[in-house]
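Scroll down for the structure; my scribbles are underneath it.
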Amino acid sequence: MLKVGITGGIGSGKTTICKVFEILGIPVFYADEIAKEIMNTDKNLRLKIKKAFGDQSYLGNEQLNRKYIADLVFADKTELEKLNRLVHPAVFHAFDDWLITHQNAPYVLKEAALLYESQSYKMCNYSILVKSPLEIKIKRLVQRDHITADDIKLRMDKQFTDEQKEKLADFVLVNDEKQLLIPQVLDLHQHFLSIKLF
Ligand code: ATP
C-alpha cells in the first residue's frame, strides 16, 4: 500500500487539498482529527494523559478538558512535547488499523500538521508539502477562525518553517491563489497511480 503524507503550515490549505484527493477517490486519514477523537475514546490514552497532567485533564463525561490542556501546552514547550509523546504513538496505531480497511485503494493520504515534527513522514513512502505565502495564510485564518495575526504567529512558532519542511518533502503543492491548484493535484495523482510498490 502506497502511503503519502501531506502537510503544510496552518492555513496553507492542506485540508482543502485533501478534499480534492477524496473527490478523486483517495482515502485520507486526518491525523489531527483522529488525535482529538482518540484523546476522548481511547481509554489507555486517557489514563496516560490523566497521569501526566492530572485528573482535571478530563471533564466529568470523560471528554478532554481542552481549555486546561491547551493553556498548559501553549505556555510550555516541554508540556507540549510530553503530550505529543503520548498522543503520537496512539495515532500511529490508529493509522495502522485504518490502513487495514483501505487495502483496495490505489494509494492513501495521511494529513498531519506535524508530519515532519512527529517523524511520522518516515512511515510514509512519500510526502507532500503544501506551501502558501505567509500573508495569505494569515488572511485565511483570520477569516476562518476569527483570531489575530499575533495568535497565528504564536501557533506558527510551534511548527517547522516551510524551508525546514521543504528539505524533507518529496513534492510541493503551491497554494498561493495565483498558480492553479487542481492541475497540480491531478499531476500528483497521476504520478502516484503510476507507482507500483513491490
Ligand atoms: P489548519 O492546519 O489551520 O487546519 P489547513 O492547512 O488545513 O489549515 P485549510 O483549512 O484547508 O488549511 O484552509 C484554510 C482556509 O483557507 C479555509 O477556510 C479554506 O477554505 C481557505 N483556502 C484554502 N485554500 C484556498 C484557496 N486556494 N483559495 C481560497 N481559499 C482557500
Side-chain angles (χ1 to χ4, degrees), residues 1-39 70 74 80 84 87-88 91-92 94-95 98-99 102 105-147 149 151-193 195:
M1 166 66 67
L2 182 71
K3 289 167 273 186
V4 181
I6 179 164
T7 191
I10 53 169
S12 58
K14 54 193 173 299
T15 306
T16 306
I17 289 172
C18 285
K19 299 290 172 200
V20 181
F21 278 102
E22 282 194 275
I23 291 168
L24 295 169
I26 301 307
V28 182
F29 180 87
Y30 292 94
D32 305 323
E33 286 305 310
I34 299 293
K36 280 185 202 155
E37 194 182 306
I38 61 177
M39 279 192 270
F74 274 117
L80 178 62
N84 283 340
V87 176
H88 287 159
V91 177
F92 295 161
F95 181 56
W98 179 89
L99 277 177
H102 293 89
Y107 67 94
V108 297
L109 285 185
K110 180 180 190 181
E111 190 230 50
L114 301 179
L115 188 77
Y116 298 118
E117 294 86 337
S118 70
Q119 304 290 313
S120 67
Y121 75 101
K122 291 181 179 166
M123 290 168 213
C124 297
N125 302 92
Y126 297 100
S127 68
I128 305 169
L129 171 66
V130 179
K131 269 179 72 174
S132 297
L134 179 65
E135 62 282 5
I136 292 188
K137 287 191 281 197
I138 291 176
K139 176 201 78 172
R140 289 177 186 153
L141 292 169
V142 167
Q143 262 172 16
R144 191 192 67 184
D145 299 341
H146 311 291
I147 49 176
D151 284 340
I152 294 165
K153 283 185 180 145
L154 270 179
R155 290 192 201 178
M156 286 177 172
D157 285 347
K158 306 247 171 346
Q159 303 185 342
F160 285 2
T161 62
D162 275 354
E163 288 66 34
Q164 289 170 300
K165 290 176 191 164
E166 202 162 347
K167 287 190 188 129
L168 298 168
D170 299 296
F171 304 96
V172 173
L173 286 174
V174 181
N175 184 19
D176 60 0
E177 298 176 28
K178 290 192 190 105
Q179 301 181 54
L180 290 177
L181 194 54
I182 304 290
Q184 297 181 62
V185 173
L186 291 177
D187 277 356
L188 263 187
H189 178 61
Q190 287 307 325
H191 180 70
F192 293 136
L193 289 181
I195 293 176

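Quantities reported herein were computed from a predicted structural model and do not represent experimental measurements. These values consider heavy atoms only, across backbone and side chains, with no hydrogens, waters or symmetry-generated copies.
- To the nearest 0.5 Å, the span separating CD on Gln143 from NZ on Lys139 amounts to 6.0 Å.
- Atom CD1 in Ile147 sits 10.0 Å away from atom CG in Leu154 (nearest 0.5 Å).
- Considering only heavy atoms from C-beta on, Tyr107 stays 4.5 Å or farther from Asn125 through its side chain.
- Residues Asn175 and Arg140 have side chains in contact (heavy-atom distance under 4.5 Å, counting atoms from C-beta outward).
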Q: Using the side chain to side chain contact (heavy atoms under 4.5 Å, CB included) rule, take Leu115 and Ile6 through it: C-alpha gap first, then chi angles, then the decisive distance, then the call.
A: CA-CA 7 Å; Leu115 188 77; Ile6 179 164; over 6 Å; no

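- To the nearest 0.5 angstrom, Leu186 atom CG is 10.5 Å from Leu193 atom CG.
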**Q.** Criterion side chain to side chain contact (heavy atoms under 4.5 Å, CB included) on Val28 and Val108, from CA distance to verdict
**A.** CA-CA 6 Å; Val28 182; Val108 297; over 6 Å; no

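- A donor-acceptor pair is defined here as one N or O able to donate and one able to accept, closer than 3.5 Å; no such pair exists between the side chain of Gln159 and the backbone of Met156.
- A 4.5 Å side-chain heavy-atom check between Leu24 and Val185 finds at least one atom pair inside the cut-off.
- A salt bridge links Asp162 with Lys137: at least one charged nitrogen is closer than 4.0 Å to a carboxylate oxygen.
- A 4.5 Å side-chain heavy-atom check between Tyr30 and Lys14 finds every atom pair outside the cut-off.
- In terms of the ring-ring contact (aromatic ring centres under 6.0 Å, His included) criterion, residue partners of Phe171 (sequence neighbours excluded) are, by chain and number, Tyr126, His191, Phe192.
- Looking at Leu99 and Lys3, their side chains come closer than 4.5 Å, going by heavy atoms from C-beta outward.
- Between the CG atom in Leu114 and the CG atom in Asp32 there is a gap of 6.5 Å [rounded to 0.5 Å].
- Put simply, the side chain of Phe29 does not reach to within 4.5 Å of the side chain of His102, judged on heavy atoms.
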(Q) Under the criterion side chain to side chain contact (heavy atoms under 4.5 Å, CB included), I'd like the reasoning laid out for Ile138 against Lys153: C-alpha separation, chi angles, the key distance, then a yes or no. (A) CA-CA 9 Å; Ile138 291 176; Lys153 283 185 180 145; 4.0 Å; yes

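- The CD atom of Gln179 sits 5.5 Å away from the CD atom of Gln184 when rounded to the nearest 0.5 Å.
- Of the N and O atoms on the side chains of Tyr116 and Ser127, at least one donor lies less than 3.5 Å from an acceptor on the other residue.
- Applying the side-chain contact (heavy atoms from CB on, under 4.5 Å) test between Ile17 and each of Leu181, Ile128, Ile182 identifies Leu181 as the sole match.
- Checking side-chain atoms of Thr7 against main-chain N and O of Ala113 turns up a donor-acceptor pair under 3.5 Å.
- Between Ala94 and Ile34, the shortest heavy-atom distance links the atoms CB-CG2, 3.9 Å.
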Q.
If you apply the rule side chain to side chain contact (heavy atoms under 4.5 Å, CB included), what do you find for Val4 with Leu2, and how did you get there?
A. CA-CA 7 Å; Val4 181; Leu2 182 71; 4.3 Å; yes

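- No side-chain heavy atom of Arg155 sits under 4.5 Å from any side-chain heavy atom of Leu141.
- Evaluation of the side chain to side chain donor-acceptor pair (under 3.5 Å) rule for Lys122 yields Gln119 as partners, not counting sequence neighbours.
- The shortest non-hydrogen separation linking Ser132 to Gly11 is OG-O, 4.5 Å.
- Here Cys18 contributes atom SG and Lys110 contributes atom NZ; the two are 12.5 Å apart, rounded to the nearest 0.5 Å.
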